[in-house]
Amino acid sequence: MPVSAPPVRPARQAEVRALAAVLARAFEDDPVWSWIFPRAATRRMWARAYFRTRLRALLARGVVHTTEDAAGAALWSPPEAWRFGWRESALLLRFLPATGRRTLEVLRGLGEVDERHPPAPHWYLSILGTEPARQGEGIGSALLRPVLESCDADEVPAYLESSKERNVGFYERHGFRVTGEVRLPDGPTMWLMWRDPRR
């Protein structure tokens, strides 16, 4: 029998460390994360630190949903507020040494992704991740639901970049469509996906 999707709720500041650890495990085999942080031995450590930074920022100025047992998280930026602020940008600079000798390539590739970000107002799903052992239980869909329902009610689009081709079909089932691709320098492809509100 299929497992019923769990209820979701807003995340709390006290859960930042636990959720960052879940997201680091969820992205451990991610092609883009492997490209950004090439050393497997330290990838999870850097990922946890990065996700802590993003979680704190979006708990303050965005929307973060999780489940009651913190088995995953969806991090959203509201319309016209998806860009990093200067404080967050400064914090993220500390991760550059972990990119090894490819810092300029990483900056160039991520800069191209940033340039392709749509200018029209939209909700931006920057991160969605589920505890690997819990994938397939409907957690990811449940985490998307609150903001997508709000998008439909308010007639506001949504946008994301998928770092795994196998996730494209998942997002398409939720109304997203591929609008472009970015091939990172000597690295993997990212799929740019847009969702018009459903009526």
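Numbering starts at 1 and runs along the sequence shown.
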**Student:** Could you work out, with side-chain hydrogen bond (donor to acceptor under 3.5 Å, both in side chains) as the rule, every residue matching E28, not counting sequence neighbours?
**Tutor:**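 By the side-chain hydrogen bond (donor to acceptor under 3.5 Å, both in side chains) rule, E28 matches R44.
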**Student:** For the side chain of W33 and the backbone of S163, is there at least one donor-acceptor N/O pair under 3.5 Å apart?
**Tutor:**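 Such a contact is absent between W33 side chain and S163 backbone.
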**Student:** Mind jotting down which residue pairs meet the side-chain hydrogen bond (donor to acceptor under 3.5 Å, both in side chains) criterion with at least one end in residues 168-180? Sequence neighbours excluded, please.
**Tutor:**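 For residues 168-180: S141-H174.
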**Student:** How far apart are the C-alpha atoms of V147 and V63, what are their side-chain angles, what is the distance that settles it, and do they pass the side chain to side chain contact (heavy atoms under 4.5 Å, CB included) test?
**Tutor:** CA-CA 8 Å; V147 170; V63 171; 4.1 Å; yes
**Student:** Starting from I139, can I reach L144 by hopping between I/L/V/M/F/W/Y residues whose side chains sit under 4.5 Å apart?
**Tutor:**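 As far as the 4.5 Å side-chain criterion goes, I139 and L144 are connected within one cluster.
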**Student:** Looking at D152 and R195, is any side-chain nitrogen of the basic one under 4.0 Å from a carboxylate oxygen of the acidic one?
**Tutor:**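 Salt bridge: yes.
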**Student:** So does E149 pair up with R198, basic N to acidic O under 4.0 Å?
**Tutor:**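 No, this pair does not count.
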**Student:** State which residues pass side chain to side chain contact (heavy atoms under 4.5 Å, CB included) with E115; sequence neighbours excluded, sorted by chain then number.
**Tutor:**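 Partners of E115 under the side chain to side chain contact (heavy atoms under 4.5 Å, CB included) test: none.
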**Student:** Are W123 and L55 grouped together when hydrophobic residues (ILVMFWY) are joined by side-chain heavy atoms under 4.5 angstrom apart?
**Tutor:**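 No; tracing contacts between hydrophobic side chains, which count when under 4.5 Å, never links both residues.
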**Student:** Taking side chain to side chain contact (heavy atoms under 4.5 Å, CB included) as the definition, give me every residue that meets it alongside A74, ordered by chain and number, with sequence neighbours left out.
**Tutor:**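 Side chain to side chain contact (heavy atoms under 4.5 Å, CB included) check on A74 returns W76, L125, L128, L143.
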**Student:** With a 6.0 Å cut-off (strictly less than), is the heavy-atom count around CZ of R17, excluding the residue itself, greater than 12?
**Tutor:**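 Check fails, neighbour count at 12 or below.
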**Student:** Restricting to non-hydrogen atoms, name the atom on L19 and the atom on G72 that form the minimum distance, rounded to 0.1 Å.
**Tutor:**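 Closest pair (atom of L19, atom of G72, distance): CD2-O, 3.7 Å.
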**Student:** Can you list the residues that meet the side-chain hydrogen bond (donor to acceptor under 3.5 Å, both in side chains) rule with H65, with sequence neighbours excluded?
**Tutor:**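 side-chain hydrogen bond (donor to acceptor under 3.5 Å, both in side chains) check on H65 returns nothing, list empty.
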**Student:** Write down the atom of A26, the atom of G129, and the distance for their closest heavy-atom approach.
**Tutor:**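 Minimum heavy-atom contact is CB-CA, 4.1 Å.
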**Student:** Listing request: all ring pair (Phe, Tyr, Trp, His ring centres under 6.0 Å) pairs with a residue in residues 178-199, at least two apart in sequence or in separate chains.
**Tutor:**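 Only H122-W194 qualify under ring pair (Phe, Tyr, Trp, His ring centres under 6.0 Å).
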**Student:** Which pair of heavy atoms, one from F170 and one from G140, lies closest together, and at what distance?
**Tutor:**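 Where F170 meets G140 most closely, the heavy atoms are CZ-C, 3.9 Å.
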**Student:** Quick one: does Q135's side chain have a donor or acceptor within less than 3.5 Å of a partner on T130's backbone?
**Tutor:**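 Present.
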**Student:** Counting N and O atoms only, with roles assigned by atom type, does the side chain of R43 sit under 3.5 Å from a partner on the main chain of F37, one being a donor and the other an acceptor?
**Tutor:**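 Looks like yes, one N/O pair under 3.5 Å.
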**Student:** Salt bridge (Lys or Arg N to Asp or Glu O under 4.0 Å): which pairs involve residues 121-133, sequence neighbours left out?
**Tutor:**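 Qualifying pairs: R25-E131.
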**Student:** Taking E15 for the side chain and R12 for the main chain, is one N or O donor matched with an acceptor at less than 3.5 Å?
**Tutor:**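 Looks like yes, one N/O pair under 3.5 Å.
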**Student:** Show the nearest heavy-atom pair for residues A73 and L23, with the distance to one decimal.
**Tutor:**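 Taking A73 first and L23 second, the nearest heavy atoms are O-CD2, 4.2 Å.
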**Student:** What's the separation between atom CE in M190 and atom CD in E112, rounded to the nearest 0.5 Å?
**Tutor:**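 Going from the CE atom of M190 to the CD atom of E112 covers 11.0 Å.
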**Student:** Could you please spell out the steps behind the side chain to side chain contact (heavy atoms under 4.5 Å, CB included) verdict for R54 and I127?
**Tutor:** CA-CA 9 Å; R54 293 296 288 142; I127 299 165; 4.1 Å; yes
**Student:** Show me, pair by pair, the donor-acceptor contacts under 3.5 angstrom made by side chains of residues 153-160, not counting sequence neighbours?
**Tutor:**
residue, atom, partner, partner atom, Å
D154, OD2, S150, OG, 3.4
E155, OE2, R199, NH1, 3.1
Y159, OH, E161, OE2, 3.4

**Student:** Test your reading of the model: is there a side-chain donor-acceptor pair from R116 to the backbone of E181, 3.5 Å cut-off?
**Tutor:**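 Yes.
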**Student:** Between E137 and R134, is there a side-chain N and carboxylate O pair less than 4.0 Å apart?
**Tutor:**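 Salt bridge flag = yes for R134 with E137.
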**Student:** How long is the straight-line distance from CG of L58 back to OH of Y124, given to the nearest 0.5 Å?
**Tutor:**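 The OH atom of Y124 sits 10.0 Å away from the CG atom of L58.
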**Student:** Does the R56 side chain pair with the main chain of V16, one donor and one acceptor, at a distance under 3.5 Å?
**Tutor:**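 Flag not set: sc R56 to bb V16 has no pair under 3.5 Å.
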**Student:** Give a yes or no on whether V32 and M45 share a hydrophobic cluster (residues Ile, Leu, Val, Met, Phe, Trp, Tyr; joining criterion: side-chain heavy atoms under 4.5 Å apart).
**Tutor:**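 Hydrophobic grouping puts V32 with M45.
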**Student:** Is there a side-chain contact between P185 and W35 (heavy atoms, below 4.5 Å)?
**Tutor:**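 SC-SC contact between P185 and W35 confirmed.
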**Student:** Say whether L75 and L110 are linked into one hydrophobic cluster, either directly or through other cluster members, by side-chain heavy-atom distances under 4.5 angstrom.
**Tutor:**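 Result: yes, single cluster for both.
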**Student:** Looking at OG of S34 and CG of D29, how far apart are the two atoms once the value is rounded to the nearest 0.5 Å?
**Tutor:**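 One gets 7.0 Å once the value is rounded to the nearest 0.5 Å.
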**Student:** Do F27 and L184 share a hydrophobic cluster (ILVMFWY, side-chain heavy atoms under 4.5 Å, transitive)?
**Tutor:**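 Linked within one cluster.
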**Student:** Is there a side-chain contact between L192 and V182, using heavy atoms and a 4.5 Å cut-off?
**Tutor:**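 Touching, per the 4.5 Å side-chain cut-off.
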**Student:** Who are the side-chain hydrogen bond (donor to acceptor under 3.5 Å, both in side chains) partners of E80, not counting sequence neighbours?
**Tutor:**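 By the side-chain hydrogen bond (donor to acceptor under 3.5 Å, both in side chains) rule, E80 matches no residue at all.
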**Student:** Once side-chain hydrogen bond (donor to acceptor under 3.5 Å, both in side chains) is applied, do any residues pair with T67, and if so which ones, sequence neighbours excluded?
**Tutor:**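 Once residues adjacent in sequence are excluded, the partners of T67 under the side-chain hydrogen bond (donor to acceptor under 3.5 Å, both in side chains) criterion are D69.
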**Student:** Out of curiosity, T53 OG1 to R48 CZ, how far, rounded to the nearest 0.5 Å?
**Tutor:**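 Reported value, rounded in 0.5 Å steps: 13.0 Å.
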**Student:** Going by side chain to side chain contact (heavy atoms under 4.5 Å, CB included), name the residues that satisfy it together with A142, two or more places apart in sequence or in a different chain.
**Tutor:**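 Side chain to side chain contact (heavy atoms under 4.5 Å, CB included) list for A142, sorted by chain: A5, P6, V8, R145.
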**Student:** Taking only residues two or more places apart in sequence, or in another chain, which ones meet A18 in a side chain to side chain contact (heavy atoms under 4.5 Å, CB included)?
**Tutor:**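 Checked A18 against side chain to side chain contact (heavy atoms under 4.5 Å, CB included); zero matches.
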